[in-house]
A.B. asks: 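Structure provided below as structure tokens; questions to follow.
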Amino acid sequence: MDVLSLAALVTLIALIVLLVLRAGDDLAMAESLPAVLAGLIASGLILLRQWKNGRNAERAARGTTAYRQHHDPVTQLLNADGFIEALGRQTQAPHGQDQSLVVVSVRLGRLRDIYDRLGDGCGDEVLRELSRRLVSAFGERSSVGRIGENMLAVFHPATGGIRQALVGGQINRLMDLPVATPVGEVVVPSTIGVNFIHAPGIAPRDAIRQARLANAAAQASGAAMAFFDDSLDHAQRLQMDLEVELRQALQTGDLQMVYQPQINETGATIAVEALMRWPHPTRGQISPSVFVPMAEAAGLGEALGRYAMDKAFADSKLWPGLRTAINVSPIQLRSPAFMSTVRTLLEKNAVKPNDFEFEITEGVVLEADAVVLQNLEHLRKMGFQIALDDFGTGYSSLSYLGRFPIDKIKIDQSFVTPLEERQDAAPIIKAISELASAVGLKILAEGVETRGQLEALRAQGCNQAQGYLIGRPMAASQIIEFQADAQGADHPQKAVAA
Ligand code: C2E
Ligand code: CA
Ligand code: CA
């Protein structure tokens with residue numbers, strides 16, 4: 001209680017006591033009654049005012065907390081909870097049932113990068129400017145929120161005007177205009193996911209999830225905008241089912257390894273590449289180009305890599321004298337635990353590094369950080385060879401070739417296929433071969449399918465080859481047979497497909 005309220009209360013009590021004491025004395029009572037009554041009313045009013053003030057202050061404090069709970073502190077837009085509540089009020093309200101709405105998610109690409117480069121103050125300013133643009137683009141009838149670190153969202157009645165602005169790309173263009181900062185202009189490329197809600201009473205979380213799915217679809221296809229439709233929901237459900245099944249397959253050992261032979265200039269088998277297969281019980285063979293990236297997105301990259309290495313180490317004992325190449329993903333190489341996994345598996349399978357090669361991609365080379373470089377150096381010191389896979393498909397920067405710890409490059413199939421069709425294909429192989437030999441690297445061509453391609457490759461100085469002409473990927477047990485058939489012959493064999 002504050003001092004004023006206390007004084008008023010004391011006065012009030014004193015006056016009541018006075019009234020009680022003078023209750024028997026009519027004369028004294030008559031003399032003092034007006035003053036006592038006035039005192040009583042005044043102190044009563046003061047007490048009432050103080051109580052009201054207190055109540056208002058409490059309400060204001062509660063209001064600020066509620067505001068904070070539902071708003072983003074940087075943009076003052078609704079936050080995720082606030083946006084979900086507001087959207088829920090709209091979709092669940094009786095009048096909202098027949099009003100169609102559009103929910104839009106706007107992903108601000110590179111925002112993290114801008115925060116990192118320009119600092120929090122500048123990043124916040126850029127974010128506020130982009131929020132203002134979105135608010136002004138959608139106008140008064142919309143609600144705008146910040147539902148993720150770099151994700152804004154809007155809902156609005158699905159009017160013809162909004163439809164036109166979205167389809168015509170106006171919103172994208174507005175968001176992509178440069179934003180002025182103290183250090184110059186920055187552009188924050190946006191992707192937009194649009195969800196026209198047709199189902200009345202849809203749960204707000206579902207409506208937002210669908211808008212985000214559309215956004216992810218736009219990102220995946222490199223488009224600036226995508227619209228939600230049911231196929232996206234099915235695709236996401238399929239992806240989730242596959243993830244669960246892949247986890248199981250890893251545990252139950254249902255993923256298989258097959259091996260594809262590599263030959264030298266005499267046609268002798270010198271190595272095999274280990275490739276993973278997922279024979280799915282109901283969906284048939286699933287390609288590693290599908291399930292490897294999926295496993296990585298689901299956080300299973302390291303487990304999958306460990307599985308492949310373990311199997312390949314074990315199987316390799318069937319073909320002493322042949323090297324075994326194993327694909328490793330950037331995720332594995334970036335892991336500080338990678339080297340101890342390698343050592344553990346070498347020991348477990350009682351095999352030696354000299355019999356193995358790890359295949360890495362150009363992406364690994366260009367984004368190599370200290371851990372990756374250290375891991376590669378360690379592997380080579382231990383006796384492993386390193387091959388650069390899919391050479392020529394990535395950034396085609398040759399500057400790293402001499403400096404990077406690699407032993408071999410694998411020319412991608414896209415350079416091999418046109419060898420019999422285009423005049424300019426052979427000189428490229430020749431240039432790569434000369435470059436490789438100048439910096440002391442071995443060279444192998446992938447995806448060799450015809451005799452003509454093999455001959456053209458050899459004529460240009462590329463002597464090692466791998467491809468369907470020589471042999472398809474096959475089960476471990478078939479490699480010995482293949483090796484025996486092909487030994488010393490300059491006639492590559494076609495093996496049975498695994
Ligand atoms: P990659 O490492 O470039 O493997 C070569 C791919 O080309 C294999 O596809 C192989 O079957 C295919 N191929 C070989 N010769 C020919 C040919 O003459 N013609 C044609 N058209 N294709 C040929 P696959 O087995 O489907 O593997 C696809 C990709 O999946 C691999 O490409 C590799 O990047 C990845 N992958 C496979 N196994 C593993 C693994 O154990 N770990 C990791 N991280 N990635 C793997
Ligand atoms: Ca490979
Ligand atoms: Ca390759």
Side-chain angles (χ1 to χ4, degrees), residues 246 249-250 255-263 271-280 284-298 300-316 323-335 338 341-342 345 356-365 385-394 406 408-420 432 443-454 457 464-476 482 492-498:
L246 184 59
L250 257 174
L255 297 174
Q256 297 170 355
M257 298 307 288
V258 289
Y259 299 88
Q260 187 177 30
Q262 300 177 345
I263 55 163
V272 294
E273 176 179 1
L275 295 159
M276 219 175 213
R277 292 288 174 269
W278 184 10
H280 191 283
Q285 282 279 6
I286 302 180
S287 162
S289 331
V290 173
F291 73 81
V292 172
M294 206 178 78
E296 291 177 351
L300 296 173
E302 280 185 65
L304 198 78
R306 186 187 169 98
Y307 185 98
M309 207 189 305
D310 194 13
K311 290 248 176 202
F313 281 178
D315 287 343
S316 72
R323 190 185 298 280
T324 302
I326 302 169
N327 291 284
V328 284
S329 71
I331 290 185
Q332 287 174 270
L333 276 173
R334 267 188 234 121
S335 161
F338 181 65
T341 302
V342 172
L345 294 180
F356 299 93
E357 184 170 280
F358 285 117
E359 296 195 3
I360 62 170
T361 52
E362 261 180 312
V364 171
V365 177
Q385 300 233 323
I386 309 291
L388 188 56
D389 205 355
D390 306 338
F391 181 75
T393 55
I406 47 176
K408 170 174 171 179
I409 53 183
K410 294 186 77 179
I411 303 182
D412 189 68
Q413 176 170 25
S414 55
F415 294 92
V416 176
T417 308
L419 271 173
E420 287 178 296
I432 301 176
I443 178 170
L444 175 143
E446 292 191 287
V448 182
E449 293 183 348
T450 68
R451 187 86 219 167
Q453 288 167 0
L454 186 66
L457 285 161
Q464 297 189 8
Q466 173 182 352
Y468 293 170
L469 172 76
I470 297 133
R472 287 187 176 248
M474 60 193 86
F482 172 88
Q493 309 278 318
K494 277 197 185 166
V496 190

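Counting convention: from 1, in listed order, for ligands and their atoms alike.
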A.B. asks: What's the atom name of the N, O or S in Asp389 nearest to the Ca ion (ligand 2)?
C.D. replies: OD2

A.B. asks: Which atoms of ligand 1 have any heavy atom of Pro288 under 4.0 Å away?
C.D. replies: 24 (P), 25 (O), 26 (O), 27 (O), 28 (C), 30 (O), 36 (N), 37 (C)

A.B. asks: Could you say whether the N/O atoms of Asp389 and ligand 1 ever approach to under 3.5 Å?
C.D. replies: yes

A.B. asks: If you count the atoms of ligand 1 from 1 in the order shown, which ones are under 4.0 Å from a heavy atom of Glu446?
C.D. replies: 3 (O)

A.B. asks: For the metal site, I want the angle between atom OD1 of Asn327 and atom OE1 of Glu359 with the Ca ion (ligand 2) at the apex, to 10°.
C.D. replies: 90°

A.B. asks: Taking both backbone and side chain into account, is any N, O or S atom of Asp390 nearer than 3.0 Å to the Ca ion (ligand 2)?
C.D. replies: no

A.B. asks: Report yes or no: does a heavy atom of Arg277 sit under 4.0 Å from some atom of ligand 1?
C.D. replies: yes

A.B. asks: Do any of the N/O/S atoms of Glu446, backbone or side chain, fall under 3.0 Å from the Ca ion (ligand 3)?
C.D. replies: yes

A.B. asks: Considering non-hydrogen atoms of the protein only, which is the closest contact for atom 29 (C) of ligand 1, and what is the distance?
C.D. replies: Ser289 OG, 4.1 Å

A.B. asks: Is Gln466 touching ligand 1 with its side chain, its backbone, both, or neither, if touching means heavy atoms under 4.0 Å apart?
C.D. replies: neither

A.B. asks: Can you tell me which residue and heavy atom of the protein come closest to atom 31 (C) of ligand 1, and the distance to 0.1 Å?
C.D. replies: Leu275 CD2, 4.3 Å

A.B. asks: Counting backbone and side chain alike, does Glu273 bring an N/O/S atom below 3.0 Å of the Ca ion (ligand 2)?
C.D. replies: yes

A.B. asks: With a 4.0 Å cut-off on heavy atoms, does Glu273 reach ligand 1?
C.D. replies: yes

A.B. asks: From the options Gln453, Gln464, Gln466, select the one residue that forms a side-chain contact (heavy atoms from CB on, under 4.5 Å) with Val448.
C.D. replies: Gln453

